[in-house]
Peer 1: 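First the structure, which I've put down as structure tokens, then a few questions once you've had a look.
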Amino acid sequence: MRLSRATLSRVAPAARPLAEPRATGVVHLGIGAFHRAHQAVYTERAMAATGDDRWGICGASQRSADVADRLRPQDCLYGVRAGDEVRVVGSVRDVLTPCDDLAARLAAPETAVVTLTITEKAYRRDPLPGAIGRLVAGPPTAIGRRAAGPPTAIGRLVAGLRARAAADAGPLTVVSCDNLPGNGATLARLVAELCEPPLLEWVEENVAFPATMVDRIVPATTQADLDDMAARLGVTDLGAVVTEPFTQWVIEDSFAGDRPAWEKAGALLVGDVRPYEHMKLRLLNGGHSAIAYLSGAAHVSEAVGDPAFAGFLRRLMDDDLSPTLDGLDGFDLAGYKETLLARFADPGLRHRVAQIAMDGSQKLPQRLLDPARDRLAGGHEPRWIALAVAGWMRHVTTSRELDDPLADRLRGDGTASAAATVSRLLAIEEVFGADLRESRVFRELVTDCLERLNADGVPAALRALDAS
């Protein structure tokens, strides 16, 4: 029997939704597992804490109808397991497919907030000459440009803003929840590039793009997870997600109009998100990338279970990443790092390393290359970062199935020398910029690490680096 409002009585009372929204005030682009385990949970808790039931969510899928097919037959209910706690979440009211009219939803007067989890690569500009302002999937026909593919998420957002402006539907806050530094400003800039002058003027006067930092580990749901959720709930749930107990959301307090009281659900509203953003991107996400490209493990917990590898992560965090963080006065950074390692070691998450390794060219700059720049600028050698970058280089040149938007440019034949591989990849300016390509110190560090990895493997490379 499938989870739905009709079968909700079969679920234990303690696991039923905390709130039942009566209106749809939030539209979310990219309604994958992370959103369902993070922002949707905060939104439901905010409604429960305040009794304000206007903040139901309409999710929109960009690439397929899979989530809609899973959630619509369940009245958009789904379960979240966080550690041993299981709860059905009821904040999602509808899910749109790529063929549905998203612009009409964005133009509805009751919509006050748009949130996005569209992944880092969706913010990448097309680097081809003459394509300024175009995005990876091609410019959307909805904004009157020649189509080179399906509309992008940002193109669909702009089409919705155009419809909202035409409807005079009022101000809107657009909240990027993707792992990018300055994600609000980045999104605002990309939206502006796709707006004609009258629409751009309206956006500047009526739309806010606050920056955010989100943190919760949400692995891809497996069939075993679905089977476990069915046993726990007593009904079949094809939209279930599994996550960890830890969750964090830091939001820049800059809104164009009304919003859910997310702070009542534990979110932190601040004047400047950047210190928290750098902390999370560099320590958690940087640590994840190091695991993905060096550990050889199938799951994160297996990698951290190796004392030598766990020691490497500590050195990476303490020696190369933490010194690049500032603005965290009063924050227990040492405690945060201990919590991170404990989260990584949680065997219940089954966080696949292959999932983290995807799209590395889009993730490495924020996670590891920016802190490498900071260390170099301070006269230090980012040795542990260099090892992780060398691991990525080995991965992209030898992987049989490389999932990355720059895959064709990254692949190698696996026979080139370490020096040749490093030179070729450092020349990809979208990843390394001109500064790291020209840095003799960085080039030599990465080349040395890649030579050690190729010759002796990861354990020997870790030992050699630790002894140097």
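Source: prediction; values computed, not measured. The chain is numbered in sequence order, starting from 1.
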Peer 1: Is the centre of the H35 ring less than 6.0 Å from the centre of the H28 ring?
Peer 2: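 Yes; H28 has its ring centre under 6.0 Å from that of H35.
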Peer 1: Dump the intermediate steps for side chain to side chain donor-acceptor pair (under 3.5 Å) on N285 and K363, then the final yes or no.
Peer 2: CA-CA 8 Å; N285 298 120; K363 298 172 179 176; over 6 Å; no
Peer 1: Using 30° and 60° as the class boundaries, would you call the ring planes of W392 and Y293 parallel, tilted or perpendicular?
Peer 2: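 Answer is perpendicular, since the angle exceeds 60°.
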Peer 1: Can you find a heavy atom in the side chain of R282 that is under 4.5 Å from one in the side chain of E277?
Peer 2: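 Of all side-chain heavy-atom pairs linking E277 with R282, none is under 4.5 Å.
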Peer 1: Do R315's NZ or CZ and the ring of F312 fall within the cation-pi criteria of under 6.0 Å and 45°?
Peer 2: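 Not satisfied by the 6.0 Å and 45° rule.
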Peer 1: Kindly say whether A256 contributes a backbone atom to a donor-acceptor pair with the side chain of T173 at under 3.5 angstrom?
Peer 2: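 The answer is yes, because a donor-acceptor pair under 3.5 Å joins these two groups.
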Peer 1: Which heavy atom of D404 sits nearest to which heavy atom of S361, and what is that distance?
Peer 2: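 In this case the closest contact between D404 and S361 is OD1-OG, 2.5 Å.
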Peer 1: Are more than 12 heavy atoms from other residues, nucleotides or ligands located less than 6.0 Å from atom CG of D84?
Peer 2: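 Check fails, neighbour count at 12 or below.
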Peer 1: Would you please indicate if the ring centroids of F344 and H288 are separated by under 6.0 Å?
Peer 2: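 F344 vs H288: aromatic centres under 6.0 Å.
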Peer 1: Below 6.0 angstrom between ring centroids: does that apply to W249 and Y42?
Peer 2: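 For W249 and Y42, the ring centres are under 6.0 Å apart.
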Peer 1: Answer yes if the side chains of Q62 and R156 hold a donor-acceptor pair under 3.5 Å, and no otherwise.
Peer 2: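 A donor-acceptor contact under 3.5 Å links the two side chains.
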Peer 1: Establish, for the pair R36 and Y78, whether the NZ or CZ atom is under 6.0 angstrom from the six-membered ring centre and no further than 45 degrees off its axis.
Peer 2: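 Yes, R36 and Y78 form such a contact.
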Peer 1: Inspect the surroundings of CZ in R443 and state if more than 12 heavy atoms from other residues, nucleotides or ligands are less than 6.0 Å away.
Peer 2: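 For R443, atom CZ is crowded (more than 12 foreign heavy atoms under 6.0 Å).
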Peer 1: Side chain to side chain donor-acceptor pair (under 3.5 Å) between R411 and T397: does it pass, once the steps are laid out?
Peer 2: CA-CA 5 Å; R411 287 192 182 95; T397 53; over 6 Å; no
Peer 1: Between N179 and Q366, does the side chain to side chain donor-acceptor pair (under 3.5 Å) criterion hold? Intermediate values first, please.
Peer 2: CA-CA 8 Å; N179 287 320; Q366 303 93 337; over 6 Å; no
Peer 1: Any carboxylate oxygen within less than 4.0 angstrom of a Lys/Arg side-chain nitrogen, looking at D318 and K337?
Peer 2: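 Result for this pair is yes, salt bridge flagged.
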Peer 1: Cut-off 3.5 Å, side chains only: do T186 and N183 have a donor facing an acceptor?
Peer 2: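 The criterion, which ignores hydrogens and geometry beyond distance, is not satisfied for N183 and T186.
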